[in-house]
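All ligand and atom numbering here is 1-based and tracks the order in the structure.
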Amino acid sequence: MRILIVGTGYVGTTTGLVFCEMGHQVTGLDLDENKIKALQAGKLHFYEPGLDELLSKHVTAQHIEFTKKTKKAVKENDIIFICVGTPQGADGSADLTYVKNVAHSIGKYMNKYKIIVTKSTVPVGTAELVTKWIKEGQEKQVPFDVVSNPEFLREGSALQDALNPDRIVIGSTSETARAIMKEMYRNFHCPIVETNPNASEMIKYAANSFLAMKISFINELARLCDGLNININDVSTGIGLDTRIGPQFLRAGMGYGGSCFPKDVNALIQMAKENGKPLSILESVVQVNEEQTIFFIEKIKETLGGNLLNKKIAVLGLSFKANTDDIRESPSLHLIDRLLAEKAQIKVHDPVVKIAAGPSLVQLQSVEETVTGADALIIGTDWDEYKNLDWAILKPLMIQSFIFDGRNMLEKEALGNLGFHYIGISNH
Ligand code: UDX
C-alpha cells in the first residue's frame with residue numbers, strides 16, 4: 001500500500017519506518033525544509049535509539065522518500081496519516097491549527113478515494129472536524145473516509161513500541177476503511193480494538209491520563225512514606241505484583257514530564273470542563289505532579305542546612321527521561337530553575353542534551369568535571385550511564401558527599417558504604 005505520513009516528528013518518522021518494515025511504500029511529508037533534507041540524507045533530526053539505522057536502511061532501499069511537495073504527495077498516496085503536532089493552547093486544550101491546515105490541503109489535492117488517518121493525539125470530535133475541513137478544502141467532490149488510529153509509542157523506545165504494540169485501535173464508522181486498515185496492520189500480532197472515532201480518540205487520552213495518574217499516586221504516597229520511614233520502592237513492588245495493578249509506571253521520582261503526559265492530561269481536563277463534567281481526579285494528578293519538584297527541593301534544602309545560596313550543585317541528566325534528547329516539561333529543568341531561584345551555583349551534564357549556559361549555570365562534557373568541587377549531586381534523569389558510574393573515583397572530587405537521587409535509581413547501600421550521604425525519593 002502507498003502510505004503518506006504528514007509530519008516527520010517522533011511519531012510520524014517512527015510510524016513511517018515501521019510501515020516500511022511491514023512491506024509498505026511510504027512517503028514522509030513535512031513543510032520544514034531542514035528536516036526533509038536531513039531525512040533524505042538518511043539522518044534523523046532527533047535522538048531516538050535504533051531509528052537512524054532503520055532510516056538509512058529504508059532510504060537506501062527506496063522504501064521511503066521525503067518531500068515538501070504536498071500536492072504530489074497527496075495525489076500519489078492512498079492512505080494519509082496525519083502525524084503533526086497538537087500543542088497545548090492557552091487554555092490547556094489541544095491546538096488543532098496544524099491538523100486543520102493539513103486537512104484543508106488534503107481536500108484541495110484529493111483526486112480519488114482516500115483514507116485519512118489521525119495518529120496525532122486529538123480531542124474527541126476531531127475526526128468529524130477533519131471530515132468537515134477536508135470537504136471545505138475540496139474543489140470537487142471525491143469520496144474519502146476518516147479514521148482515528150492513535151499511537152501509543154514512547155520516546156526512547158519508540159521503535160520497539162511501534163513494532164510491538166500492546167494493541168491497535170481503529171476508530172471508524174466505515175467498514176471499507178476498517179477493512180483496509182486491518183489489512184495494512186496484518187503483520188502485527190496484537191489485539192485490534194475496533195470502535196467509532198470518538199471512542200478511539202478518548203482511548204488515547206484515557207491511557208495517557210491513567211498512566212500519569214499512577215505516577216502521581218505513587219509520588220504523593222512517597223511523601224507520606226518519607227515521613228513514616230517507609231521505602232516507596234518496596235511499596236511499588238508490593239502493589240505492582242498484584243496483576244490488577246501491574247508493576248509499570250509506579251516508579252516514584254520528581255514527577256512526569258515530556259511532550260505528552262502534561263499536555264494530554266490538561267487537554268482532557270479542559271475537554272471535561274467544556275462538557276460540564278470536570279475530572280477532579282485528573283486535576284489532582286496535575287497538582288501532585290507540580291508539587292513533586294517542590295517536595296524534592298525542600299528535601300535538598302533541609303539537608304544542606306536550610307538554604308542553597310552559593311551551594312555548588314551538580315545535576316546529572318537534563319532530558320525528561322532517559323534515551324531521548326527531548327527536554328519538553330523536563331522535571332530536571334524545572335528543578336534547575338528552582339535551584340537557580342535559590343541562588344545555587346549549578347554545573348550540569350547530559351549524554352545528549354546541550355543547553356545554553358547562564359551566569360550560574362555551566363554544562364560540562366564529563367561527569368568527573370561536573371561533580372568536581374560540588375557540595376551535592378542530583379540525579380535529574382535516569383540515564384543508564386549514571387547507574388554505572390565509578391563512585392569511588394567521583395567521591396574525592398566532591399567537597400561534600402551528598403547525593404540526591406530524583407529517580408530512585410542508584411544503589412543506596414553501596415553508596416553509603418563508600419561514605420556518601422544518599423537521599424532518594426522516600427528511598428529509606
Ligand atoms: C507517553 C506514553 O507512555 C506513550 O504511550 C504515549 O504515546 C506518549 O506519552 P513518553 O512521554 O514518551 O510516552 O514517556 P513515558 O515513558 O511514558 O514517561 C513519561 C514521564 O513519566 C517521564 O518523565 C518519566 O520519567 C515519568 N515516569 C514514568 C515516572 O516518573 N515514573 C514511572 O514509573 C514511569
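- Salt-bridge check for Glu175 with Arg178: failed, with every basic side-chain N at 4.0 Å or more from each acidic carboxylate O.
- Between His104 and Trp133, the angle of the ring planes goes over 60°, which puts this pair in the perpendicular group of the 30/60° scheme.
- Aromatic ring centres of Phe19 and Tyr185: separated by under 6.0 Å.
- Evaluation of the ring-ring contact (aromatic ring centres under 6.0 Å, His included) rule for Phe46 yields Tyr10 as partners, not counting sequence neighbours.
- Ile82 has its side chain out of reach of Ile5: every pair of non-hydrogen atoms, C-beta onward, lies at least 4.5 Å apart.
- The protein residues lying under 4.0 angstrom from ligand 1, judged by non-hydrogen atoms, are Glu151, Phe152, Leu153, Arg154, Glu155, Lys204, Asn208, Ile215, Phe249, Leu250, Arg251, Tyr256, Gly257, Cys260, Phe261, Phe320, Lys321, Arg407.
- The shortest side-chain heavy-atom distance between Pro197 and Thr173 falls under the 4.5 Å cut-off.
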